[in-house]
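Okay, so here's the structure we're looking at.
Letters go in sequence order (proteins before strands), and every chain restarts at 1.
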Amino acid sequence: MVLITDKNNVVLDWSESMDHMPYSGYPRLVEKDTCYPSELVEVYAVEEIPEEVEAQRFCFTLEEGFYPNPDYREPDPFDSPEYAAGYEQALLDLMELELEEE
Amino acid sequence: MGKGIKQGGGGGGAANGIKVTAKGLDNIKPNMFATFDGTWTSLGTATSILPANTHTTGLHLWENLFFYYCNSYAVTARLNADDSFTKIQQITAGAGGIRNSVPIRLDNNRVFVVSNSSGSLRGVTVTVNNDGTMTAVNASLSFATASSAVVNISKIDESHVLCITYESSTTYARVLTISNTGTISVGTALAVSSPSMAIGAITIIKHSNGNFYCAAQAYVYGLKVNGTSVSFLGSVNSYKNGYGYASNIGETDDGNLFVASGSSILVIPINEDGTITVLSDDIKAYKSNLALANYTEQVTGNVRLFTENVWLYGAYVSSSTYALRIAYIGETPHGLYSGPSFATANGIDVIPYENKVICTYAQYLVVAYPGGTVTNYGMNKNCITKTSFREGSEGKVLI
């Protein structure tokens with residue numbers, strides 16, 4: 001298996017095999033047709049990915065193997081509680097409006 | 001020192017190699033431009049044109065013809081001389097969601113939009129005839145995105161579109177190849193995990209250097225497209241520097257980037273190789289009081305360029321109030337002005353057209369006239385111009 005982590009050892013993704021993009025040389029996870037900027041990631045060959053491992057929630061180093069990401073936090077797409085709250089409210093408003101008109 | 005801002009850097013990692021001189025800052029400092037009292041002299045009679053309860057994004061096509069994409073529908077409408085609207089046609093054009101991208105023109109008669117229906121994406125190609133009638137094809141895209149995420153696109157050429165999505169803390173950039181018949185092939189995804197690339201793309205510009213630069217809340221980043229491959233040109237964390245959220249992006253006269261971020265305008269130098277690497281301590285945000293969205297008020301619709309320095313957008317004010325806002329770059333008066341408020345949850349889209357603003361809210365189209373006097377808005381040639389915020393020189397922000 002090919003494992004991609006960021007420079008802080010956070011697991012990003014994995015796949016069966018890897019090649020390189022022709023222009024950028026970026027590592028590409030073949031089965032997922034997804035590449036990563038070389039300068040931002042580390043690439044490892046590992047024998048297997050334990051079932052409990054999830055992207056972002058786990059880290060990996062050669063020395064320690066997989067371990068829970070101590071800095072993990074639930075993703076906030078707007079990177080701001082205030083922003084997220086406002087957006088959620090907007091969606092709720094929209095849903096209410098739709099229900100009213102139904 | 002028009003190009004001086006580009007000095008140094010050069011390499012992808014030249015984080016300390018960029019120094020912006022005072023003269024460099026002068027080069028982007030707006031002079032005195034517009035006077036605008038922030039009122040709206042009139043708001044026309046709203047015409048019910050659009051499907052109800054939709055997230056609408058629009059595009060001025062030609063003459064008095066406008067295109068709107070709403071949920072799963074494409075709509076064309078003409079603006080009449082009395083400021084009313086006439087619907088030309090409404091067609092089913094996709095499997096809609098509430099988070100469709102900005103529509104862009106692939107060529108004279110073809111419009112392309114990506115709709116996000118609960119995380120499942122479709123690429124919709126609409127051919128608009130000269131009389132405003134339409135035909136459309138849509139194709140399911142082979143990748144998903146977060147159901148609530150911004151999906152944004154930018155035109156590469158007449159058959160290629162850069163598509164940026166966000167899912168699970170990762171931003172993906174892909175090249176979509178659109179055939180004449182509307183079929184779509186998807187290029188290899190470039191994946192960049194947050195925080196390096198933040199949350200998708202709020203605004204994208206195609207820079208005169210051929211690369212794409214995106215404003216995405218706390219980050220600004222660059223992308224290079226080669227064929228159907230995308231590579232990363234670095235990112236700058238604007239929020240970390242206390243400048244707020246990057247919501248709109250443009251190109252300065254000397255080819256660098258300016259970013260509306262919170263209440264500031266930031267300048268980000270572009271290295272010779274197209275990379276952006278640093279918001280240097282030497283680069284001080286020009287505090288313009290250009291207040292786009294802030295913590296309590298979000299940009300919900302498109303940010304459009306009205307004059308060279310006056311921007312319009314719809315804003316989320318509170319749970320039941322949305323408003324048309326105007327903000328402009330200037331010294332006095334400055335800041336954020338209110339337009340008409342709409343008690344609707346739908347994002348308000350605004351399209352500048354001649355001396356008026358075409359607004360959408362809910363199922364309505366309505367014309368608004370800025371009040372006061374918008375005069376003297378010519379800008380110093382060295383000031384912020386080239387604001388090709390999006391395709392067709394019309395700005396676009398989707399939140």
Relative to chain B, which of A:Ser24, A:Ala55, A:Pro37, A:Cys35 shows the most heavy atom pairs under 4.5 Å?
-> A:Cys35
Top contributor to chain A contacts, counting heavy-atom pairs under 4.5 Å, from B:Gly187, B:Ala189, B:Gly227 = B:Ala189
Only residue of A:Leu12, A:Leu40, A:Thr5 satisfying side-chain contact (heavy atoms from CB on, under 4.5 Å) with B:Ser193 is A:Leu12
Which of A:Thr34, A:Val10, A:Val41 touches chain B most, by non-hydrogen pairs under 4.5 Å | A:Thr34
Using atom types as modelled and distance alone, determine if a side-chain donor or acceptor of A:Tyr26 lies under 3.5 Å from a backbone N or O of B:Phe232.
-> yes
Mark yes when over 12 heavy atoms from residues, nucleotides or ligands other than A:Phe58 sit less than 6.0 Å from its CZ; otherwise mark no.
-> yes
Which answer fits A:Tyr23, side chain, backbone, both or neither, if we ask what part of it has an atom under 4.5 Å from a heavy atom of chain B?
-> side chain
